[in-house]
Participant: 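Take this structure, written in structure tokens, and hold onto it; I'll ask about it next.
Throughout, protein chains are lettered first and strands after them, A, B, ... in sequence-line order, and every chain is numbered starting at 1. For the numbers below, each heavy atom of this structure counts, side chains included, while hydrogens, waters and symmetry mates do not.
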Amino acid sequence: MLTTGPRGTKDILPDTIGQWLYVEKTVRDICELYGYKEIRTPIFEHTELFLRGIGETTDVVEKEMYTFIDRGKRSLTLRPENTAATVRAYLEHKLYADIAVNKLFYIGSMFRYDRPQAGRYREFHQFGVEALGTLNPAIDAEIIMLAVQFLKTLGLNDLKLALNSVGCPNCRPVYRERLQEFFRDKLEVLCSDCQSRYDRNPMRILDCKNEHCKELSMGAPNITDCLCDECTDHFEQVKSLLTEAGIEFELDPRLVRGLDYYTKTAFEIQYAPLGAQSAVAGGGRYDGLIEECGGSPTPAIGFAVGLERVLLALEKQALLPGVSQATDVFVVALGVTAQKPAFKLLCDLRAKSIKASMDFAGRSLKAQMKQANKAMARYVVMLGENEVNDSCVILKDMITSDQEKIAIQEIVNKLYAEVKD
RNA sequence: GUGGUUGUGGUGAAGUGGUUAACACGCCGGAUUGUGGCUCCGGUAUUCGAGGGUUCGAUUCCCUCCAGUCACCCCA
């Protein structure tokens, strides 16, 4: 218990931290390129924010939230996603007053009480982007392109961009009714999951993996045929902008998002080799959310990328960079009298920005040499009693195995010249 | 929340109802005086996820729990 982390969590150890830094660097670079600014919101929020924002009947809210009561008897929840919180911050700090369109990105931990499986954890990391303040289809295209370019920059291939429009409060209810109408006489023969979807979210029936349900849903009406004029027009423009930009996409009229706030444009980027959890990125428009959160009606769009899934995909394509943890110099000290001068040398080297390490376990010379080798040290500086008495050190080149005696006053400059040329 | 599957040292893994739980890698130490990477030698699990039960006896059989893993649900 004490030696096991909570279920669904993962430690990121020194041997893999480089992968994260690499991905995070890519995130920051691309966001800078597209003009998105980083925002950091709290890990927890008032529970109410997610209830209202995400939707009370969504799975995320109904069964996946980490909710707790604090000592002030407030109900708080660990964020299961970051769009609602970003909107909250946007309203709280009146960011809309600064500029017409706010372009923001975030990167951090999210929490969902789910059964862990491949690509799904209880604490996971998302990189997300939000553009608040415009209904212009060009921002839809920009957002989607950013997501695609991010994944491509990392080197991922075989990605599938699925695109759909889920309508707006004007046309979606119409579609919903037509769907229910279509399935009404088939309700008895649908799987039990779909029977409950029928009322909660009939669009999900279209997405069912059950073969029988798939057959039954053949010929079901498509949402894109039921969109209102405004949504149709918007969707057409998004599609043509993407086409002009050379972004390949697949129209998927069955693509549904699980969060209530989505409107119009919905998209998902899938990487099939990941198995069941193949959605690497997902997002869409949420033109009603800001008003729902107490702001004035403001259109917005965003997406989130699951970083663990990205890392899994990169691993499958062997795209993870090997991080060199080589050090420049390893200082080997022999015996007690050399300890202090060795430590001083270590400090002096670092003062010159030379990467340097030494042994602190009081090990033998041989063991220290092995350690230097493991640390991939370019040079080893040795000093023992003799060297201390002579005010010199032995400098060893670990590649050529050459070694020479050097006055201790000169060693730092000498190494600086070697390492920093 | 539901179902499948797995759980032996730091890691990958053999193995059996009964004296000292293979092997490989890793790690630690050594191969004459103060020197790495190769090689060789030695040391590295009072214990087989945890707790019960069956048994003369269980790591091996049963139950419960915990954890990993995969799938459903759902999502990034």
Participant: Would A/K186 pass as a cation-pi partner of A/F182, given that its NZ or CZ must be under 6.0 Å from the six-membered ring centre and within 45 degrees of the axis?
Facilitator: yes

Participant: Decide yes or no, distance alone: a donor-acceptor N/O pair under 3.5 angstrom between the base of B/G37 and the side-chain of A/S401.
Facilitator: yes

Participant: Whenever both distances are under 3.5 Å in a Watson-Crick or G-U wobble pair, mark it; put RNA chain B into dot-bracket that way, with [ ] for crossing pairs and | when the partner is on another strand.
Facilitator: ((((((((.[[[..)..(....]]]((((((.......))))))....[[[[[..)....]]]]])))))))....

Participant: Given B/A76, is OP1 or OP2 found less than 4.0 Å from the side-chain N or O atoms of A/R120?
Facilitator: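 Answer is no, no contact under 4.0 Å.
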
Participant: Suppose you measure atom P in B/G51 against the same atom in B/G4; what distance do you get, rounded to whole Å?
Facilitator: 26 Å

Participant: Nearest whole Å is fine: how far is B/A76 P from A/E64 CD?
Facilitator: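 Spelled out: CD on A/E64 to P on B/A76 is 10 Å.
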
Participant: So, OP1 or OP2 of B/A76: does either fall under 4.0 Å of a side-chain N or O from A/Q126?
Facilitator: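 Result: no.
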
Participant: Between B/G17 and B/U59, how far apart are the two C1' atoms, rounded to whole Å?
Facilitator: 11 Å

Participant: For a quick test of reading the model: is some side-chain N or O of A/K374 closer than 4.0 Å to OP1 or OP2 of B/G26?
Facilitator: no

Participant: Heavy-atom nearest nucleotide on RNA chain B for A/I399 versus A/K10: which residue maps closer to 5'?
Facilitator: A/I399

Participant: Determine the interatomic distance between P on B/A14 and the same-named atom on B/G49; round to the nearest Å.
Facilitator: 14 Å

Participant: Over all strands shown, is A/A367 touching base, sugar-phosphate only, or nothing at heavy-atom distances under 4.0 angstrom?
Facilitator: sugar-phosphate

Participant: When the distance from OH of A/Y113 to C1' of B/C73 is rounded to whole Å, what number comes out?
Facilitator: 15 Å

Participant: Rounding to a whole Å, what distance do you find between A/K370:NZ and B/G29:P?
Facilitator: 7 Å

Participant: When you compare B/U11 with B/U46, how far apart are their P atoms, in angstrom units rounded to a whole number?
Facilitator: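 It works out to 14 Å between them.
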
Participant: Taking atom C1' in both B/G43 and B/U2, what distance in whole Å separates the two?
Facilitator: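 It works out to 49 Å between them.
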
Participant: Under 4.0 Å, counting only non-hydrogen atoms across every strand here, what does A/D59 touch: a base, just sugar-phosphate, or nothing?
Facilitator: sugar-phosphate

Participant: Would you mind reading off the distance between A/D397 atom CG and B/G36 atom P, rounded to a whole angstrom?
Facilitator: 15 Å

Participant: Using the ring centroid of each side chain, check whether A/F150 and A/F127 are separated by less than 6.0 Å.
Facilitator: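 Under 6.0 Å, so yes.
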
Participant: Measure the distance from CZ on A/R122 to P on B/U69 and round it to the nearest whole Å.
Facilitator: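 It works out to 11 Å between those atoms.
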
Participant: Determine: side-chain N/O of A/K396 to OP1/OP2 of B/G37, distance under 4.0 Å, yes or no.
Facilitator: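 No, no such contact exists.
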
Participant: Indicate yes or no: at least one non-hydrogen side-chain atom of A/L206 is less than 4.5 angstrom from one of A/V256.
Facilitator: no

Participant: Please classify the nucleic acid contact of A/G119 as base, sugar-phosphate, or nothing, using heavy-atom distances under 4.0 Å.
Facilitator: base

Participant: Could you check whether A/E62 gets within reach of a base, just the sugar-phosphate, or nothing at all, counting any heavy atom under 4.0 Å?
Facilitator: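 Nothing: the residue A/E62, judged by heavy atoms under 4.0 Å, touches no strand.
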
Participant: Identify whether any heavy atom of A/E81 sits under 4.0 Å from a base atom; if not, whether one sits that close to sugar-phosphate; answer base, sugar-phosphate or nothing.
Facilitator: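 Counting heavy atoms under 4.0 Å across all strands, no contact is made by A/E81.
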
Participant: Considering every strand and a 4.0 Å limit on heavy-atom distances, what is the contact class for A/Y271: base, sugar-phosphate, or nothing?
Facilitator: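 If one applies the 4.0 Å heavy-atom cut-off, A/Y271 turns out to touch nothing in the nucleic acid.
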
Participant: Within the 4.0 Å heavy-atom criterion, would you say A/Q277 contacts the bases, only the backbone, or no part of the nucleic acid?
Facilitator: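 A/Q277: base contact, heavy atoms under 4.0 Å.
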
Participant: Under 4.0 Å: is that the gap between some side-chain N or O of A/R7 and OP1 or OP2 of B/G68?
Facilitator: yes

Participant: Is any side-chain N or O of A/N373 under 3.5 Å from a base N or O of B/G36, one able to act as donor and the other as acceptor?
Facilitator: yes

Participant: Between B/C74 and A/R197, is there an OP1 or OP2 to side-chain N/O distance shorter than 4.0 Å?
Facilitator: yes

Participant: Write down the distance separating the C1' atoms in B/U33 and B/C27, rounded off to the nearest Å.
Facilitator: 27 Å

Participant: Nearest-nucleotide wise, let me know which of A/R115 and A/A279 is further upstream toward the 5' end of RNA chain B.
Facilitator: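 Going by which nucleotide is closer to the 5' end, it is A/R115.
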
Participant: Is there a donor-acceptor pair closer than 3.5 Å between any side-chain N or O of A/D359 and the backbone N or O of A/G362?
Facilitator: yes

Participant: What integer distance in Å separates A/L365:CG from B/U35:P?
Facilitator: 6 Å

Participant: For A/R285, run the side chain to side chain donor-acceptor pair (under 3.5 Å) check against A/T265, A/T263, A/D140 and tell me which one passes.
Facilitator: A/D140

Participant: NA contact type, A/A304, heavy-atom cut-off 4.0 Å: base, sugar-phosphate, or nothing?
Facilitator: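 A/A304: backbone/sugar contact only, no base atoms under 4.0 Å.
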
Participant: Whole angstroms only, please: what is the NZ-P distance between A/K214 and B/C72?
Facilitator: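 Nearest whole value for this atom pair: 11 Å.
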
Participant: Below 4.0 angstrom, N of the basic side chain to O of the carboxylate: do A/R309 and A/E315 qualify?
Facilitator: no

Participant: Centre-to-centre under 6.0 Å for A/Y286 and A/Y261, is that the case here?
Facilitator: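 Distance test on ring centres: under 6.0 Å, yes.
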
Participant: C1' atom, B/G26 versus B/U32: distance in rounded Å?
Facilitator: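 Nearest-Å result for B/G26 against B/U32 at atom C1': 29 Å.
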
Participant: Report the distance from atom CD of A/E385 to atom C1' of B/U35, rounded to the nearest whole Å.
Facilitator: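 For the pair A/E385 CD and B/U35 C1', the rounded distance is 17 Å.
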
Participant: How is A/K366 classified with respect to the nucleic acid when contacts are heavy atoms under 4.0 Å: base, sugar-phosphate, or nothing?
Facilitator: base

Participant: Using a 6.0 Å distance limit plus a 45 degree cone around the ring axis, check whether A/R122 lies over the aromatic ring of A/Y113.
Facilitator: yes

Participant: For the P atoms, the ones on B/C48 and on B/C61, what distance do you get once it is rounded to whole angstrom?
Facilitator: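 Going atom to atom, P in each nucleotide, I get 14 Å.
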
Participant: If the threshold is 4.0 Å, N to carboxylate O, is there a salt bridge linking A/K103 and A/E142?
Facilitator: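 Looking at A/E142 together with A/K103, the answer is yes, because their closest N to O distance falls below 4.0 Å.
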
Participant: Considering only heavy atoms and no angle criterion, is a donor-acceptor pair shorter than 3.5 Å present between the side chain of A/Q368 and the base of B/U35?
Facilitator: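 Such a pair does not exist between side chain and base.
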
Participant: Taking side chain as C-beta onward, heavy atoms only, is A/F235 less than 4.5 Å from A/L251?
Facilitator: yes

Participant: When we call it a touch if two heavy atoms are under 4.0 Å apart, what does A/L307 touch: a base, just sugar-phosphate, or nothing?
Facilitator: nothing

